[in-house]
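Heads up: the structure comes next, in structure tokens.
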Number of protein chains: 2
Amino acid sequence: MDIDQILDSVSPIHKDPKAILKSYIKEVNFPKGHLLLHAQKCEKSIYFIKKGIVRAYSNTAENEVTFWFGKEGDAVISMKSYIANQPSYENIEVLEHSCFYEMNHTELQKLYNEHIEIANWGRKFAENELLKTEERLISRQFRTASERYNELLKNHPHLIKRVQLSHIASYLGITQVSLSRIRAAKN
Amino acid sequence: MDIDQILDSVSPIHKDPKAILKSYIKEVNFPKGHLLLHAQKCEKSIYFIKKGIVRAYSNTAENEVTFWFGKEGDAVISMKSYIANQPSYENIEVLEHSCFYEMNHTELQKLYNEHIEIANWGRKFAENELLKTEERLISRQFRTASERYNELLKNHPHLIKRVQLSHIASYLGITQVSLSRIRAAKN
DNA sequence: AAGAAAATTTTACAAATGTTAAATAATGAG
DNA sequence: CTCATTATTTAACATTTGTAAAATTTTCTT
């Protein structure tokens, strides 16, 4: 997915302000296993996935909890760092060799104060991410693990194949044994 | 909580653009039981709570699920309507006689395109709400019902007293019987 | 292709949560 | 203040989910 398409899918933006934005964006590659963002660390960059998949997780006292999967076109960002300049909640792990568009937070903030069209692009960016986060919250609050598993199968069929079931189980908030039972019940 | 304080707490804003914003805001009162927002309806207004408390809920096939409590200073809004111009997920019920600041979505959108400082205020508004929603999601994903109950006791002690336990149980994602057991275990 | 390592499923049992109904406590109307 | 209504807790039992460990399948390395 190329950068023009990604920027426009956030909110259509005219040629000139888009060129300004793009001049601050560079392409970077990372191998499978690389940590793109680090929990407890104040991150400086925002990424968009050009090609590949990633996983967000946090470590609790007992175990590791996966809570998001990112795919092409998705923004990879610590909102806590981007918005509040505070340490990230999440580790983001690259699940297969992937290519990203990278941009620096601070430079983006500066552009927000200089160009109204970029400010409104940034507003739409936050608004879109808000709707996605709300959707995730509602999914968790209203649907059973089994329903959410089917949702995942439907919305991210490619992902299931590439991600360990232990990660999917923790994403669903159940044990891997329970997930096995759900999967077994479908046959 | 007065409107200047609320607007500035979203993001400090200069006198002139703030005056423009305020010229579109009016004060409204509603009694206990009033429905401020309606699920399945495309809502036109955003509210800020001057005084009072509210509850967000949705009806599923079987039952009613409470998923948010709002208090003074909080924004009461259907993000789905505000951002995507689509029907609201939530009903918002006024839990005791309350006073709100009301503003129209469409007028706000217009201001975003005319004043860069208001555009950035709107960006910060979405960003702040995003952090709050993320916090709610993380709370649900990482903490047990019991921990979340204690969190609620700590952060909203006044609320617990004024809200039925059946609502709190559904907010925590457990049955009222389980909540009783949690409460009993603390004595 | 064979063997080792890792991932997934299955089993047996324990613990937690849900369901239904009854008992108790709190609230509100007259 | 009293009675009726509503809210909350408790009890008994059923169901679901978790835990630990073994069995099986898949993946990776050589």
Side-chain angles (χ1 to χ4, degrees), chain A residues 31-34 53-55 57 59-67 69 93-97 139-153 156-187, chain B residues 31-34 53-55 57 59-67 69 93-97 139-153 156-187:
Chain A
K32 175 174 174 170
H34 178 79
I53 50 173
V54 303
R55 166 178 85 96
Y57 68 93
N59 294 300
T60 68
E62 305 90 40
N63 50 18
E64 181 186 295
V65 181
T66 295
F67 58 97
F69 295 107
E93 180 196 358
V94 174
L95 291 177
E96 58 185 31
H97 181 96
S139 169
R140 254 197 105 75
Q141 194 118 14
F142 286 84
R143 297 195 253 288
T144 64
S146 177
E147 288 168 338
R148 297 181 64 231
Y149 176 67
N150 291 325
E151 211 172 69
L152 205 59
L153 274 184
H156 307 279
H158 52 291
L159 221 152
I160 302 275
K161 289 172 205 145
R162 298 188 273 179
V163 171
Q164 286 190 14
L165 289 180
S166 58
H167 294 155
I168 292 174
S170 89
Y171 173 81
L172 297 173
I174 56 178
T175 60
Q176 191 173 345
V177 174
S178 280
L179 178 55
S180 269
R181 290 196 267 244
I182 289 171
R183 286 159 59 86
K186 307 194 63 175
N187 305 328
Chain B
K32 175 174 174 171
H34 177 79
I53 49 174
V54 303
R55 167 178 84 96
Y57 68 93
N59 294 300
T60 67
E62 303 90 40
N63 50 19
E64 181 186 295
V65 180
T66 295
F67 58 97
F69 295 107
E93 180 196 359
V94 175
L95 291 175
E96 58 186 30
H97 181 96
S139 170
R140 254 197 105 75
Q141 194 119 12
F142 287 84
R143 297 194 254 286
T144 64
S146 175
E147 288 168 337
R148 298 182 62 232
Y149 176 69
N150 290 326
E151 209 173 70
L152 204 60
L153 273 184
H156 307 278
H158 52 292
L159 221 151
I160 302 275
K161 290 172 204 142
R162 298 188 272 179
V163 171
Q164 286 190 13
L165 290 180
S166 58
H167 294 157
I168 292 174
S170 88
Y171 173 81
L172 296 173
I174 55 178
T175 61
Q176 190 172 349
V177 173
S178 279
L179 178 55
S180 269
R181 289 196 267 243
I182 289 171
R183 287 159 59 86
K186 308 194 61 175
N187 305 326

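Within every chain, numbering begins at 1; the chains are lettered A, B, ... in the order of the sequence lines, protein sequences first and strands thereafter.
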In Å, rounded to the nearest 0.5 Å, how long is the span from [atom1] of [X] to [atom2] of [Y]?
X      : Y      : atom1 : atom2 : value
B:R183 : B:I168 : CZ    : CD1   : 7.5 Å
B:H167 : B:Q176 : NE2   : CD    : 9.5 Å
B:I174 : B:Y149 : CD1   : OH    : 9.5 Å
B:I53  : B:H158 : CD1   : NE2   : 7.0 Å
B:H97  : B:H34  : NE2   : NE2   : 11.0 Å
B:T175 : B:R181 : OG1   : CZ    : 6.5 Å

Rounded off to whole Å, could you give me the [atom1]-to-[atom2] distance for the [X] and [N] pair?
X      : N      : atom1 : atom2 : result
A:I174 : D:dT15 : CD1   : C1'   : 16 Å
B:I168 : D:dA7  : CD1   : P     : 13 Å
A:H167 : C:dA6  : NE2   : P     : 14 Å
A:L179 : D:dT19 : CG    : P     : 15 Å
A:Q164 : C:dA7  : CD    : C1'   : 7 Å
B:L172 : C:dG18 : CG    : C1'   : 15 Å
A:R162 : C:dA7  : CZ    : C1'   : 19 Å

For nucleotides 26-30 of chain C, tabulate all protein N/O to nucleotide N/O atom pairs closer than 3.5 Å, reporting atom names and distance.
none

- Message: Can you see whether A:Y171 has A:R55 sitting over its ring - NZ or CZ less than 6.0 Å from the centre and within 45° of the normal?
- Response: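 The answer is no; the distance or angle limit is not met.
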Under 4.0 Å: is that the gap between some side-chain N or O of [X] and OP1 or OP2 of [N]?
X      : N      : result
A:R181 : D:dT17 : no
B:S178 : C:dG18 : yes
A:S180 : C:dT8  : no

- Item | Rounded to 10 degrees, the angle between the two terminal axes of the helix from C:dA1-D:dT30 to C:dG30-D:dC1, each from five pairs |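 The angle, to the nearest 10 degrees, is 50°.
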- Do side-chain atoms of B:S170 reach the backbone of B:T66 as a donor and acceptor pair under 3.5 angstrom?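 It does hold such a pair.
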- Which nucleotide, C:dG18, D:dT9, C:dT8, lies nearest any side-chain atom of A:R183? C:dT8
- Item | Residue mapping more 5' on DNA chain D - nearest nucleotide basis, A:V177 or B:Q176 | B:Q176
- Report yes if some heavy atom in the side chain of A:L159 is under 4.5 Å from a heavy atom in the side chain of A:L152; otherwise report no. no
